[in-house]
Amino acid sequence: MKKIDKLFPLLLILASISCVETAKIEIEIPSKPKYDIPKFNHLWFGDFRVNETIENHNLSEEITSYMQNEIKSRFSIDSKKGNKIDWEKEKNLFENDNFWRKYVQDKEDILIITGSASLKLENRNIIQDVSPYISPTSQEKRLVPMKFLILNLDLYIINPKTGEIIYRNNFKEEKGFSEKTQSPLFGFFDIMEKITEKFFSDIFEKKIKKERILFQ
């Protein structure tokens, strides 16, 4: 009897909770960027130094256009393209603070994005399982020739007020594809999507969606 008396308040609480209506809501929690970048409202894309690229591909232009379109669609940030840079004439340009102070006229709330890039193709043989449609019981492996598009991108953010580098990071991504069915540039935008997501998480605040339960 004493045990029932002790359990009775707990049973009442559980019964009251079971009668309460609940509702799930989705909230957005801001997540700080990985790097402490000064406040800015404008991004100025400098020319990219191209160390290596594949035929008929304007790598600097493609990188700039992709990032500009992503920024325009996702953030309230103005972006512009800077003038072409003679990388052959200018040596050790990234560390040349005097050059970057002159590169942008209006320096208020502006940061410069620039960098160096290499794009190349590699032939590789990939080991794959034999398709079960060909041999359902086979445990055999086979060598499949594939091409890989590889992008190596060094990104810099420069403060035009001082000409100093305030951010630098290297990104390397690759995409494999069948040589017979797809063009060499098939994976370029997939690669840029991965790099851009990592880069944006470094410099932009993002919102993480979470679910919360409300008791009514």
Side-chain angles (χ1 to χ4, degrees), residues 26-82 84-85 87 94 110-124 126 128 144-158 165-211:
E26 194 175 74
I27 62 173
E28 291 184 338
I29 301 174
S31 174
K32 291 184 178 180
K34 294 179 182 179
Y35 292 79
D36 186 17
I37 303 295
K39 183 180 178 181
F40 61 93
N41 292 314
H42 308 277
L43 285 175
W44 196 280
F45 280 86
D47 196 24
F48 283 83
R49 184 178 68 192
V50 177
N51 299 320
E52 181 181 3
T53 189
I54 61 177
E55 189 177 359
N56 299 324
H57 188 70
N58 190 334
L59 185 55
S60 177
E61 181 68 24
E62 291 289 349
I63 292 171
T64 300
S65 296
Y66 185 92
M67 286 193 171
Q68 276 196 302
N69 289 335
E70 288 296 304
I71 289 171
K72 182 178 179 180
S73 64
R74 296 164 59 176
F75 305 101
S76 299
I77 300 292
D78 179 44
S79 67
K80 294 181 180 179
K81 293 181 183 179
K84 297 283 287 183
I85 297 171
W87 294 101
F94 297 118
I110 290 178
L111 295 177
I112 300 169
I113 296 179
T114 184
S116 62
S118 298
L119 184 69
K120 63 180 181 179
L121 285 168
E122 281 188 3
N123 295 311
R124 300 179 193 168
I126 305 300
Q128 290 184 350
V144 179
M146 292 185 69
K147 279 188 176 291
F148 281 81
L149 187 68
I150 305 165
L151 176 61
N152 196 332
L153 180 60
D154 272 315
L155 284 174
Y156 294 79
I157 296 180
I158 296 173
I165 298 169
I166 59 174
Y167 170 93
R168 179 182 179 179
N169 208 349
N170 173 262
F171 302 91
K172 187 176 181 180
E173 295 287 344
E174 61 182 41
K175 181 76 174 181
F177 59 94
S178 170
E179 184 177 357
K180 296 179 180 179
T181 59
Q182 295 162 339
S183 71
L185 295 178
F186 168 77
F188 180 76
F189 294 107
D190 288 337
I191 290 174
M192 280 304 302
E193 181 180 7
K194 291 179 181 179
I195 290 177
T196 301
E197 286 301 319
K198 293 177 181 178
F199 176 54
F200 285 174
S201 69
D202 283 349
I203 66 170
F204 288 114
E205 180 181 277
K206 64 179 180 179
K207 294 181 179 179
I208 301 174
K209 292 184 178 180
K210 299 221 176 208
E211 281 190 347

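Everything numeric in this text was worked out from a predicted model, so none of it was measured.
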Residue pair I71, F200: steps toward the side chain to side chain contact (heavy atoms under 4.5 Å, CB included) verdict: CA-CA 9 Å; I71 289 171; F200 285 174; 3.6 Å; yes
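- The NE2 atom of H42 lies 7.5 Å from the NZ atom of K80; values are rounded to the nearest 0.5 Å.
- From S116, atom OG reaches atom CG of L153 across 7.5 Å, with rounding to the nearest 0.5 Å.
- Between D202 and F171 there is a side-chain heavy-atom pair separated by less than 4.5 Å.
- Remark: L43 CG to I203 CD1 distance equals 6.0 Å, nearest 0.5 Å.
- A donor-acceptor pair under 3.5 Å links the side-chain atoms of S201 to the main chain of K198, judged by distance alone.
- Of all non-hydrogen atoms in A117 and I63, the two that sit nearest each other are CB-CD1, 3.7 Å.
- Side-chain contact of N152 with N170: a donor-acceptor pair under 3.5 Å is present, judged by distance alone.
- Looking at L149 and D190, their side chains never come closer than 4.5 Å, going by heavy atoms from C-beta outward.
- Between E174 and the options K147, K120, R124, a salt bridge (Lys or Arg N to Asp or Glu O under 4.0 Å) holds for only R124.
- At least one side-chain heavy atom of Q68 sits less than 4.5 Å from a side-chain heavy atom of K81.
- The nearest pair of heavy atoms linking T64 to G46 is OG1-O, 4.5 Å.
- Put simply, the side chain of T53 never gets that close to the backbone of L119: no donor and acceptor are under 3.5 Å apart.
- How far CG of N69 is from CZ of R74: 12.0 Å, rounded to the nearest 0.5 Å.
- With a 6.0 Å radius and a threshold of 12 heavy atoms from other residues, nucleotides or ligands, K72 has its NZ atom at or below the threshold.
- Between L111 and I166 there is a side-chain heavy-atom pair separated by less than 4.5 Å.
- Atom CD of E173 sits about 8.5 Å away from atom CG of L151, to the nearest 0.5 Å.
- Between F48 and F45, the ring planes lie tilted relative to each other; the angle falls in the 30° to 60° range.
- Looking at L155 and N169, their side chains never come closer than 4.5 Å, going by heavy atoms from C-beta outward.
- Between F94 and W87, the ring planes are tilted. Angles from 30° to 60° get that label.
- With values rounded to the nearest 0.5 angstrom, Y167 atom OH is found 13.0 Å from I158 atom CD1.
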Evaluation steps, ring-ring contact (aromatic ring centres under 6.0 Å, His included), between Y66 and F188: CA-CA 10 Å; Y66 185 92; F188 180 76; 7.5 Å; no
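- Between F199 and I113, the closest side-chain pair of non-hydrogen atoms falls below 4.5 Å.
- The closest side-chain heavy-atom distance from M192 to M67 is below 4.5 Å.
- Counting heavy atoms from C-beta outward, R49 and I85 have side chains that stay 4.5 Å or more apart.
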